Amino acid sequence: MKMFESIKDHIKDIKKIAFVTGAGISQESGIPTFRGKDGLWRNYDAMKLATIDAFYDNPKLVWEWYNERRANIFAAKPNLGHKAIAELEKYVKVVVLTQNIDGLHQKAGSSEVLELHGSIVKIKCSVCDFKNEIITEFSETPPLCKCGNILRPDVVWFGESLPQDVWQKAMIFASECDLMVIAGTSLVVSPANTLPIYAKQNKAILIEVNPENTEMSSEMDLVIRNTSATALPEFVSMFKEN
Ligand code: BV8
Ligand code: ZN
């Protein structure tokens, strides 16, 4: 059964595609999502751990959480969903607007990836403007900056604003795309969950790829109730044939 049959006639006019992705696209790479039982770490709610308050209450605990996630992510491989998005660049302009901090889109070969919520391989000082990539394992947890204050993962925590340069670019890409694929995200978290609205305002075709309903399923032009590693290769095959 051809999942994307209903948009087949539009393929020839599609020049720019934006992907909005979340934890679900990395689920088939063994990375837990934030929902349901996956969303718990040592019985702490992931949404509560990813906050500045949790960090100042117990920086050691939050660092151990990110260390464990980082080890898991370093061992993970991009799946057919990530690879399909990277391959699509051969046929049309593709940008990836991801909420994921795992870097798997880049590992799959995607060249234009905006990390809306930061990256697990980056660190910064909680006080001074020191920033860097994680190069070595740290001797102490939490590790200290040369200014004496504690270092933190360079990710966006709840209650913190997104990096403005990245967010500005994301809004522009979303407003200029001809088609937006929303894959593997529940669209619960803002402002990332407003990106489909920018695309809709630009009369873009909206496609949702998700085994479950999301906050915006009713706004979609096409809903694919399947996993990203199964659906996205078929999506790309339509451009191959075209
Ligand atoms: C901000 C980085 C300005 C860290 C993350 C009250 C009401 C409304 C909004 C708010 C509110 N109070 C506060 C807010 C704003 C808040 C927010 O949206 N809260 C939510 C919980 C209501 N947002 C913020 O705080 C943002 N900043 O707004 O700044 C500001 C400042 C001060 C005060 C107000 C405003 C910052 C948000 C970023 C937080 N950082 N991550 C880290 O990762 O450790 S968010 C993190 O959680 C992820 O990055 C992602 O964004 C989110 C999880 O969502 P998903 O990725 O979608 O994952 P989820 O598990 O939910 O869903 C997975 C989906 O995949 C499911 O639908 C499932 O069916 C599907 N799936 C599963 N398997 C597959 C699949 N799909 C396809 N294939 C499969 N195989
Ligand atoms: Zn410092």
Side-chain angles (χ1 to χ4, degrees), residues 19-41 44-55 62-63 65-70 72-73 79-82 84-85 97-103 114-120 122-132 142-164 166-167 181-196 207-217 223-233 235:
F19 284 83
V20 173
T21 68
I25 200 164
S26 295
Q27 184 267 335
E28 291 159 289
S29 294
I31 313 275
T33 67
F34 280 68
R35 229 106 280 275
K37 65 173 185 17
D38 271 2
L40 283 183
W41 180 78
Y44 291 93
D45 174 350
M47 298 281 207
K48 297 229 177 6
L49 273 174
T51 62
I52 193 74
D53 305 342
F55 183 67
V62 171
W63 259 101
W65 182 44
Y66 281 96
N67 287 349
E68 195 167 306
R69 291 173 67 185
R70 196 175 303 109
N72 193 14
I73 285 168
N79 62 57
L80 294 177
H82 298 107
I85 295 174
L97 313 174
T98 189
Q99 300 164 79
N100 300 342
I101 63 175
D102 59 30
L114 291 181
E115 297 179 305
L116 304 172
H117 297 161
S119 165
I120 201 160
K122 294 192 180 128
I123 50 168
K124 64 182 179 181
C125 179
S126 51
V127 175
C128 77
D129 57 9
F130 169 79
K131 272 183 183 272
N132 200 345
L144 297 184
C145 173
K146 62 187 180 317
C147 75
N149 290 292
I150 42 178
L151 292 173
R152 55 166 283 178
D154 191 1
V155 297
V156 180
W157 281 329
F158 288 98
E160 296 183 327
S161 324
L162 276 57
Q164 282 317 299
V166 173
W167 181 243
V181 179
I182 296 113
T185 179
S186 58
L187 291 174
V188 165
V189 169
S190 71
N193 61 2
T194 63
L195 291 168
I207 300 177
E208 178 177 276
V209 174
N210 193 317
E212 290 171 25
N213 237 32
T214 74
E215 301 285 317
M216 288 184 75
S217 297
V223 168
I224 305 292
R225 286 280 165 264
N226 209 317
T227 69
S228 44
T230 304
L232 295 180
F235 176 68

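Just so you know, these numbers come straight off a predicted model, no measurement behind them. As the structure lists them, so they are numbered: ligands from 1, and atoms in each ligand from 1.
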Looking at every heavy atom in both N72 and G30, which two are closest together, and how far apart are they? ND2-O, 3.6 Å
Among all protein heavy atoms in this structure, tell me which lies nearest to [atom], with the distance rounded to 0.1 Å.
{"atom": "atom 31 (C) of ligand 1", "value": "G159 O, 3.3 Å"}
{"atom": "atom 66 (C) of ligand 1", "value": "N210 ND2, 3.8 Å"}
{"atom": "atom 5 (C) of ligand 1", "value": "H117 ND1, 3.6 Å"}
{"atom": "atom 21 (C) of ligand 1", "value": "F158 CE2, 4.0 Å"}
{"atom": "atom 58 (O) of ligand 1", "value": "A23 CB, 3.5 Å"}
{"atom": "atom 37 (C) of ligand 1", "value": "V189 CG1, 3.6 Å"}
{"atom": "atom 43 (O) of ligand 1", "value": "R69 NH2, 3.1 Å"}
{"atom": "atom 29 (O) of ligand 1", "value": "E160 O, 3.2 Å"}

Decide whether S26 and S29 meet the rule of one side-chain donor and one side-chain acceptor closer than 3.5 Å. no
Within the protein, is there a heavy atom lying under 4.0 Å from [atom]?
{"atom": "atom 8 (C) of ligand 1", "value": "no"}
{"atom": "atom 39 (C) of ligand 1", "value": "yes"}
{"atom": "atom 72 (C) of ligand 1", "value": "yes"}
{"atom": "atom 11 (C) of ligand 1", "value": "no"}
{"atom": "atom 53 (C) of ligand 1", "value": "yes"}

Would you check if the side chain of [X] reaches a backbone N or O of [Y] as a donor-acceptor pair within less than 3.5 Å?
{"X": "W63", "Y": "L151", "value": "yes"}
{"X": "N132", "Y": "I123", "value": "no"}
{"X": "N100", "Y": "D102", "value": "no"}
{"X": "E28", "Y": "A229", "value": "yes"}

Please classify the Q99 to ligand 1 contact at 4.0 Å (heavy-atom distances, strictly less than): side chain, backbone, both or neither. both
Ligand 1 versus T185: contacting region, heavy-atom distance under 4.0 Å: both
If I take atom [atom1] from residue [X] and atom [atom2] from residue [Y], how far apart are they, to the nearest 0.5 angstrom?
{"X": "L144", "Y": "C125", "atom1": "CG", "atom2": "SG", "value": "9.0 Å"}
{"X": "I182", "Y": "T21", "atom1": "CD1", "atom2": "OG1", "value": "11.0 Å"}
{"X": "I150", "Y": "F55", "atom1": "CD1", "atom2": "CZ", "value": "3.5 Å"}
{"X": "L195", "Y": "F19", "atom1": "CG", "atom2": "CZ", "value": "14.5 Å"}
{"X": "R70", "Y": "S119", "atom1": "CZ", "atom2": "OG", "value": "9.0 Å"}

Say whether A192 and ligand 1 are in contact under the criterion: heavy-atom distance to a ligand atom below 4.0 Å. no
Regarding ligand 1, does S228 bring an N or O atom to under 3.5 Å of one of the ligand's N or O atoms? yes
Which is it for I85 and V181 under the side-chain contact (heavy atoms from CB on, under 4.5 Å) test, yes or no, and what are the steps along the way? CA-CA 10 Å; I85 295 174; V181 179; over 6 Å; no
May I have the list of side-chain donor-acceptor pairs in residues 209-216 shorter than 3.5 Å, sequence neighbours left out?
residue: N210; atom: OD1; partner: E212; partner atom: N; Å: 2.8
residue: N210; atom: ND2; partner: T185; partner atom: O; Å: 3.4
residue: N213; atom: OD1; partner: R225; partner atom: NH2; Å: 2.9
residue: T214; atom: OG1; partner: E208; partner atom: OE1; Å: 2.5
residue: T214; atom: OG1; partner: M216; partner atom: N; Å: 3.2
residue: T214; atom: OG1; partner: S217; partner atom: N; Å: 3.4
residue: T214; atom: OG1; partner: S217; partner atom: OG; Å: 3.3

For E28, the ligand 1 atoms with a heavy-atom partner under 4.0 Å come out as 78 (N), 79 (C), 80 (N)
From [atom], work out which of [options] has a heavy atom at the shortest distance.
{"atom": "atom 28 (O) of ligand 1", "options": "A231, S190, A229", "answer": "S190"}
{"atom": "atom 44 (O) of ligand 1", "options": "W157, W65, Y66", "answer": "Y66"}
{"atom": "atom 22 (C) of ligand 1", "options": "T33, T21, V188, N193", "answer": "V188"}
{"atom": "atom 63 (C) of ligand 1", "options": "G184, P211, G22", "answer": "G184"}
{"atom": "atom 3 (C) of ligand 1", "options": "S161, A50, P191", "answer": "S161"}
{"atom": "atom 2 (C) of ligand 1", "options": "V156, V62, N226, L232", "answer": "V156"}

Please step through salt bridge (charged side-chain N to carboxylate O under 4.0 Å, His left out) for the pair R152 and E160, ending with a clear verdict. CA-CA 14 Å; R152 55 166 283 178; E160 296 183 327; 2.8 Å; yes
With R69 via salt bridge (Lys or Arg N to Asp or Glu O under 4.0 Å) - residues at least two apart: none
pair P163-V156: side-chain heavy atoms closer than 4.5 Å: yes
Is E115 close to I101 at the side-chain level, that is, under 4.5 Å between some pair of heavy atoms? no
Tell me, please, which residues at least two apart from S186 pass side-chain hydrogen bond (donor to acceptor under 3.5 Å, both in side chains). none
Near the Zn ion (ligand 2) (protein N/O/S, cut-off 2.8 Å, waters excluded) we have C125 SG, C128 SG, C145 SG, C147 SG
